[in-house]
Amino acid sequence: MSGNRIQIEKWDAAKDGDMNEENMKRKLKSQGYNYIVYEFSPGTDFPDHTHPMSKKDSIISGEFEFSMYGETVILTPGDMVEVPSNTVHNARVVGSKSVKFFDATK
């Protein structure tokens with residue numbers, strides 16, 4: 001996967017309104033996604049793994065360290081990242097707050 005980079009879609013309050021759970025639901029639905037909402041407590045760790053389908057991870061609260069393509073970023077509220085199918089990635093909750101997270105698929 002050389003040449004691939006993590007592409008973070010940032011929340012655009014001018015277009016999407018205030019960043020909150022209801023507006024995130026609206027945005028994901030408008031993009032054709034179905035989703036499940038999870039909350040992960042501080043210290044939760046997801047070692048390297050893949051998914052058979054493409055997904056979009058969207059953060060509502062907290063901070064989520066996310067690694068893919070040999071790159072690591074910190075996702076914060078309003079950040080969304082697409083994870084292609086069968087792509088190795090990992091993540092963990094950082095800081096002292098839980099992460100509220102939308103796990104979205106088409």
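Here the structure is a predicted model, which is why all the values come from computation and not from measurement.
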Review point. Step by step, would you call I6 with F66 a side-chain contact (heavy atoms from CB on, under 4.5 Å)?
Key: CA-CA 9 Å; I6 296 173; F66 180 83; 3.9 Å; yes
Point to revise | salt bridge (charged side-chain N to carboxylate O under 4.0 Å, His left out) between E22 and K27, worked out | key: CA-CA 9 Å; E22 288 307 310; K27 180 171 182 132; over 6 Å; no
Review point. What are the two closest heavy atoms between I60 and M24, and how far apart are they?
Key: CD1-CB, 3.5 Å
Review point. Rounded to the nearest 0.5 Å, how far apart are OH of Y38 and CZ of F101?
Key: 8.5 Å
Study note, to complete from the structure: Between P84 and Y69 the two heavy atoms that sit nearest each other are CG-OH, 3.3 Å
Study note, to complete from the structure: When rounded to the nearest 0.5 Å, the distance separating CZ of F64 from CD1 of I59 is 5.5 Å
Practice item. Search all heavy atoms of M19 against all heavy atoms of G78 and return the closest pair with its distance. Key: CG-CA, 3.6 Å
Point to revise | D18 atom CG, over 12 foreign heavy atoms within 6.0 Å | key: no
Check your understanding: With a 4.5 Å heavy-atom cut-off, do K25 and N23 have their side chains touching?
Key -> no
Review point. With the 4.5 Å side-chain cut-off for hydrophobic clustering, are V81 and V93 part of the same group?
Key: yes
Exercise for review: State which residue, out of V99, L75, I74, fulfils the side-chain contact (heavy atoms from CB on, under 4.5 Å) condition with E63.
Suggested key: I74
Check your understanding: Heavy atoms, side chains only, cut-off 4.5 Å: are P52 and S85 in contact?
Key -> no
Check your understanding: Crowded around K29 NZ? As in, over 12 foreign heavy atoms under 6.0 Å?
Key -> no
Exercise for review: Say whether N90 and D48, considering side chains only, have a donor N or O and an acceptor N or O under 3.5 Å apart.
Suggested key: yes
Check your understanding: Is the shortest heavy-atom distance from the side chain of V88 to the side chain of T50 under 4.5 Å?
Key -> yes
**Study point:** side chain to side chain contact (heavy atoms under 4.5 Å, CB included) involving T105 - partner list, sequence neighbours excluded
**Key:** M53, K55
**Study point:** No-hydrogen, no-angle side-chain donor-acceptor test under 3.5 Å, K56 and Q31
**Key:** yes
Revision key, fill the gap. Salt bridge (Lys or Arg N to Asp or Glu O under 4.0 Å) pairs touching residues 81-92, sequence neighbours excluded, are E65-R92
Review point. Which pair of non-hydrogen atoms, one from P42 and one from S96, has the smallest distance, and what is that distance?
Key: CG-O, 3.3 Å
**Study point:** Spacing of S61 atom OG and E39 atom CD [to the nearest 0.5 Å]
**Key:** 6.0 Å
Revision key, fill the gap. Closest non-hydrogen atoms of S58 and M80, given as atom of the first, atom of the second and distance, are OG-CG, 3.2 Å
Review point. When hydrophobic residues are tied together by side-chain contacts of less than 4.5 Å, even through go-betweens, does V83 share a cluster with Y33?
Key: no
Review point. Side-chain contact, heavy-atom cut-off 4.5 Å: D79 with W11?
Key: no
Review point. Taking the six-membered ring where the residue is Trp, are the ring centres of F40 and F46 under 6.0 Å apart?
Key: yes
